[in-house]
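Only heavy atoms go into these numbers, but all of them, side chains included; no hydrogens, no water, no symmetry mates. Every chain is numbered from 1 and lettered A, B, ... according to where its sequence line falls, protein lines coming before strand lines.
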2 protein chains.
Amino acid sequence: MARKPADQSVSREAILLAAADVLQRNGYEATTMKDIAAAVNLTAASLYHHFRNKDALLLAVLEAGLEQVLSQIESIVHSKLSSTDKLQQMIRAHVMGLTQNTAVGAAMVFEIRSLMGAKEPAVGASPADHQAYKDFVERRALFFARRDEFENLFRLVVREGIENHSFYPVDVGLFTKIMLGAHNWVGVWYKPEGRLSGEAIAERIAETMIRALKP
Amino acid sequence: MARKPADQSVSREAILLAAADVLQRNGYEATTMKDIAAAVNLTAASLYHHFRNKDALLLAVLEAGLEQVLSQIESIVHSKLSSTDKLQQMIRAHVMGLTQNTAVGAAMVFEIRSLMGAKEPAVGASPADHQAYKDFVERRALFFARRDEFENLFRLVVREGIENHSFYPVDVGLFTKIMLGAHNWVGVWYKPEGRLSGEAIAERIAETMIRALKP
DNA sequence: AAAATAATCTAATCTTGGTTAGATTATTCA
DNA sequence: TGAATAATCTAACCAAGATTAGATTATTTT
């Protein structure tokens, strides 16, 4: 086959994007480095120039996805909208993120446990390997912290709304789980060519949640 | 190590139970036949006496889990309770199934796509292999059909409730997805030692959904 | 209790997929 | 432009894990 004329080097970003997509479709264990590489016209081996290993790649995908939504959510929370409006917009941001950047969501939803599978370097491994592992563990912890933060922001707004009597006094923790569950599930069934647009879905989920919170 | 004194032969049921548990924890690709075997004090090879292969085992787990909940749901739907009571009980059944038989739910939620990974026998494979594959594909289709049935029962009740003016006229399809998403997610975060019992969770989710449907 | 069948085991096979080594080609920078 | 660096590639390597073969032990059946 004719060699592609130096398709320009592939950016880390491009890899993350493609990887996220493949991961969402197949799940972590089921997607091979080759799959990901193929998605950007590279060889599996080439990926190792950009990422230390498969786990690091996964983590990078998750980080990117989380930050993307988290940044939006944060600014909404810190705005001075009413509790109802805040929640409405947070839900929209989350759900639309899930439907647009196919990556963002479902990957995050499903692959988190895979992160735990990273195995320590053997006792005889090089110090570099040990350092790399240590770094990984640290980044992973950071990721989980950010993830908790995400959930806490939703909790916060729900609690706030209850306190200022905008919302019915639900169990804050549980309601938040219910809500996030509903959102995350969208990443599982959503198809771009489906009956409802991402926006319409986001809109209606927000309505539903807010209706459930009506005092 | 001393050989275990003929621990009695392990039943297919026992394997399914154990497998479901392990699968829920690790996911399909990440759990090895050895893992499953270990959970019932067997050797990986021994599992092949009970199931044709890993895929068949997974499918059997999913079938069992689905049927268990589905049977309950069906009888509720066909009862003559009010739409509200039906829905309330259906939600309870589903969520409690998810929290009790740890197996049942989360496994089902996450592993379905794994089912699609089953690869056809090579062109040169034995006729027996081809037949086996054909059977598998058929059972799988049946499974998905049952699964759709499950979702449809929820849709049915929501629609019924809207028609008899018990429920607010939501988008039936979407609301059902929201609801099932919330349920399924329970299988992801629920921990038996957590703050809320499975029953309490089920109860409150039902309340929440019904509140969201208040006309 | 012999024969047939069921349930397990150990040992080997085979494939897949992550990872590494070393060479090659492109790019950038001094 | 020549040296350093970046990005890729091809070719191995290696380990893990599914599956198979064949032997062994238990349980039924007749």
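As a whole-Å value, the separation of A:L42 CG from D:dA6 P is 17 Å. We find that CG of B:L47 is positioned 11 Å from C1' of C:dT8, with the value rounded to whole Å. With rounding to whole Å, B:L57 atom CG is found 12 Å from D:dA18 atom C1'. Taking atom CZ on B:F51 and atom P on C:dA7, their separation rounds to 12 Å, with Å as the unit.
The phosphate of D:dT5 (OP1 or OP2) has no side-chain N or O of A:H49 nearer than 4.0 angstrom. Between B:S46 and C:dA7, a side-chain N or O to OP1/OP2 separation shorter than 4.0 Å is absent. Between B:H50 and the phosphate of C:dT8, there is a side-chain N or O to OP1/OP2 separation shorter than 4.0 Å.
Side-chain contact between B:V95 and B:Y190: absent, with no pair of heavy atoms (C-beta onward) separated by less than 4.5 Å. B:I178 has its side chain within reach of B:L174: a pair of non-hydrogen atoms, C-beta onward, lies under 4.5 Å apart.
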Contact pattern, 5' to 3', of nucleotides 16-21 of chain C - B, S or - by protein heavy atom under 4.0 Å: -SSBB-
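Here the side chain of B:T32 pairs a donor or acceptor atom with the backbone of B:K34 at under 3.5 angstrom.
Heavy atoms of other residues, nucleotides or ligands lying less than 6.0 angstrom from CD of A:E149 number more than 12.
Between the side chains of B:D55 and B:Y28, at least one donor-acceptor pair of N or O atoms lies under 3.5 Å.
Under the 30°/60° scheme for interplanar angles, the aromatic rings of B:H94 and B:F150 are found to stand perpendicular.
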